[in-house]
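Before any comments, here is the structure.
Values below: all heavy atoms of this structure, side chains included; hydrogens, waters and symmetry mates excluded. Just so it is clear: chains get the letters A, B, ... in the order the sequence lines come, proteins before strands, and each one is counted from 1. Being a predicted model, the structure only gives us computed values, none of them experimental.
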There are 2 protein chains.
Amino acid sequence: MANTQKRENTHCCHCSTNCCFVQDFCSSTWVGIINQSRNSSLYQKGQYIFREGDRVFGLHFIQQGKAKITSTGLNGREQIVRLAKSGHILGHMGNGSETYPVGAVAIEDTWICFLDNTTLNDAFLNNPKFTYNLMLFYATELRKTEIRLRHLAQMTIKEKVAECLLTLKKTFGERTEDGSLNVTLCRQELADIAGTNAEQVTRELTDFENQLLIAKSGKRIIVLDSDGLLNIIAHHNINKYLSV
Amino acid sequence: MANTQKRENTHCCHCSTNCCFVQDFCSSTWVGIINQSRNSSLYQKGQYIFREGDRVFGLHFIQQGKAKITSTGLNGREQIVRLAKSGHILGHMGNGSETYPVGAVAIEDTWICFLDNTTLNDAFLNNPKFTYNLMLFYATELRKTEIRLRHLAQMTIKEKVAECLLTLKKTFGERTEDGSLNVTLCRQELADIAGTNAEQVTRELTDFENQLLIAKSGKRIIVLDSDGLLNIIAHHNINKYLSV
DNA sequence: AAACAAGCCTGCAATTTATCAGTTATTGGT
DNA sequence: ACCAATAACTGATAAATTGCAGGCTTGTTT
């Protein structure tokens, strides 16, 4: 990979992350084996972790950081199909297709642990809980994506932008210092999540600001009134458990 | 369940289906155990298999038939988020949320095998290949849904309807007798897949018919020119492997 | 501090899509 | 074969969204 850095080789046992499928669900023997064969790298903000069309050699685990998973369409227009943070997985297991149908980009400096297919397959067959929990992860992501699919199909732009902000708050949280979202994305990236264009995002953000639902400080966004934003999209979710 | 029928009790070993996760990936001991605890029922066309908000007690395996998975939004407007056929799974594994965020409806008479959570969890921990293949199933569905997410966000109505037809052809195939799609859905259901309304679907289907891309015979649709339909959406998919 | 670039904001015109209303065609039951 | 009910079709109108152009703000470099 181009300008990725290798990590100083901390053993998995002493890894500081508090959210890792290997650490939590593999036997100590297998943590050792995986520690041997894993490959840790730093991807800087904006750097591709993998691109659409790249061959799939294994799975990427986010040790520390944040990434966007994007799908590119007509005229290079992007759709962010998923956001991922520490502990999450990038890339889908093989099943025939050997190339990535989506790309992944670090949205801040991000440490990735990579595991190759061979090691993984052995690990899956020898660590049922590891496999089971990865299955739950995919099932949960599928459920979330299915709901988002409906939202993109049915919501107005105002609603989609409101939901985008709530999703960011829920996924990445807020900074203690100023209460702003713990992630910075440009208007175009917000549009790529909400499924619209940068101009519309600007319009809606300005509108939300005038209604005192949010405040802007440079690139950072502060959600002032979550309930107000939730109100905008509330009638789309019959069941409360569907929200965000 | 209301008016579902119980199946004559064929043992899993003698089940005629050629596509079943249990048959293919569980040990013979476990096929026996699962055979004991499973529950088979017939759901007639249009009948709910489960509804949004129902409690999750286990997984539904489609033994024979077809189903749509829908998510209901504002004013009861539905979005079909997934189509499923024999061998597929309905319902996502638990992970905290105990109720279905989506509903499932039979789109033709459908036999379902139901397995409860307790039996399933034991099966998962004792049949690594079973768990592994279920994980692959979810990962594959996630990948497909992510691509569809972008399509719904970026395509025009014409493109979405074209893709809908191609998806139906790919998923359910064509009847040998007349070459028509091996599934019948009303205009509203096509609209619920494509993310638009019934009127627009009618308009596009008429247009496709005039261009000799499809033919209509009553409710049935015959795809005459797959490549023609593919052409309409081709430029949305940079990589050929993404198509449908 | 000035100059520059990049990103953000705003209004308007053009296009697309949704909605509504009315008509025609199909289907299923008697 | 008929009738009633349902679904499909079509056109007109209204609403929402997009795309473009130009100005403004912010942050960075020299």
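D:dC9 atom P lies 11 Å from atom CG of B:Asn210, rounded to whole Å. Between A:Asp207 atom CG and D:dA16 atom P there is a gap of 14 Å when expressed in whole angstrom units. Rounded to an integer number of Å, the gap from CG of A:Asp192 to P of C:dG7 is 13 Å. If you measure from atom CZ of B:Arg220 to atom C1' of C:dA25, you get 19 Å, rounded to the nearest angstrom. Computed from coordinates, the A:Leu205 CG to C:dT10 C1' distance equals 14 Å when rounded to whole Å. Atom CD of B:Gln154 and atom P of D:dG19 are 11 Å apart (whole Å). Distance CD (B:Gln200) to P (C:dC20): 14 Å, rounded to an integer number of Å. Summarising the geometry, the separation between CD on A:Glu204 and P on C:dC9 is reported as 12 Å, rounded to the nearest angstrom.
Contact annotation for A:Asn197: backbone-only contact, meaning every heavy-atom pair under 4.0 Å involves sugar-phosphate atoms and none involves a base. At a threshold of 4.0 angstrom between heavy atoms, the contacts of B:Lys216 are confined to the sugar-phosphate backbone, with no base atom among them.
Two residues, A:Ala153 and A:Glu209, neighbour DNA chain C, and the one matched to the more 5' nucleotide by heavy-atom proximity is A:Glu209. A residue-by-residue look at A:Lys219 and A:Thr156 shows that A:Thr156 has its nearest nucleotide of DNA chain D further toward the 5' end. When each of B:Lys158 and A:Thr206 is assigned the nucleotide of DNA chain C with its nearest heavy atom, A:Thr206 is the one assigned upstream, toward the 5' end.
Side chain to side chain, B:Thr196 and B:Lys160 fail the donor-acceptor criterion of an N or O pair below 3.5 Å.
No more than 12 heavy atoms of other residues, nucleotides or ligands sit less than 6.0 Å from atom CD of B:Gln64.
For A:Glu199, counting side-chain heavy atoms from C-beta on, the closest listed nucleotide (D:dA7, D:dC20, C:dT19) is D:dC20. Here the side chain of B:Arg203 is nearest to one of C:dC9, D:dG19, D:dA12, namely D:dA12. The side chain of B:Ile157 lies closest to C:dT17, out of D:dT10, C:dT17, D:dA7. Comparing C:dA18, D:dA7, D:dC9 by their closest approach to the side chain of B:Thr196 singles out C:dA18.
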Requested in this report: I would like to know whether B:Asn231 and B:Asp225 meet side-chain contact (heavy atoms from CB on, under 4.5 Å); could you show each step before the answer?
Outcome: CA-CA 10 Å; B:Asn231 254 342; B:Asp225 182 0; over 6 Å; no
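Remark: side-chain polar atoms of B:Thr110 are paired, donor with acceptor, to backbone N or O of B:Lys66 under 3.5 angstrom. Between the side chain of B:Ser180 and the backbone N or O of B:Ile222, no donor-acceptor pair lies under 3.5 Å.
Applying the ring pair (Phe, Tyr, Trp, His ring centres under 6.0 Å) test between A:His88 and each of A:Phe137, A:Phe172, A:Tyr138, A:Phe61 identifies A:Phe137 as the sole match.
Remark: B:Ile193 CD1 to B:Leu165 CG distance equals 9.0 Å, nearest 0.5 Å.
The stretch residues 178-188 of chain B touches DNA chain D through B:Cys186, B:Arg187, each having a heavy atom under 4.0 angstrom from the strand.
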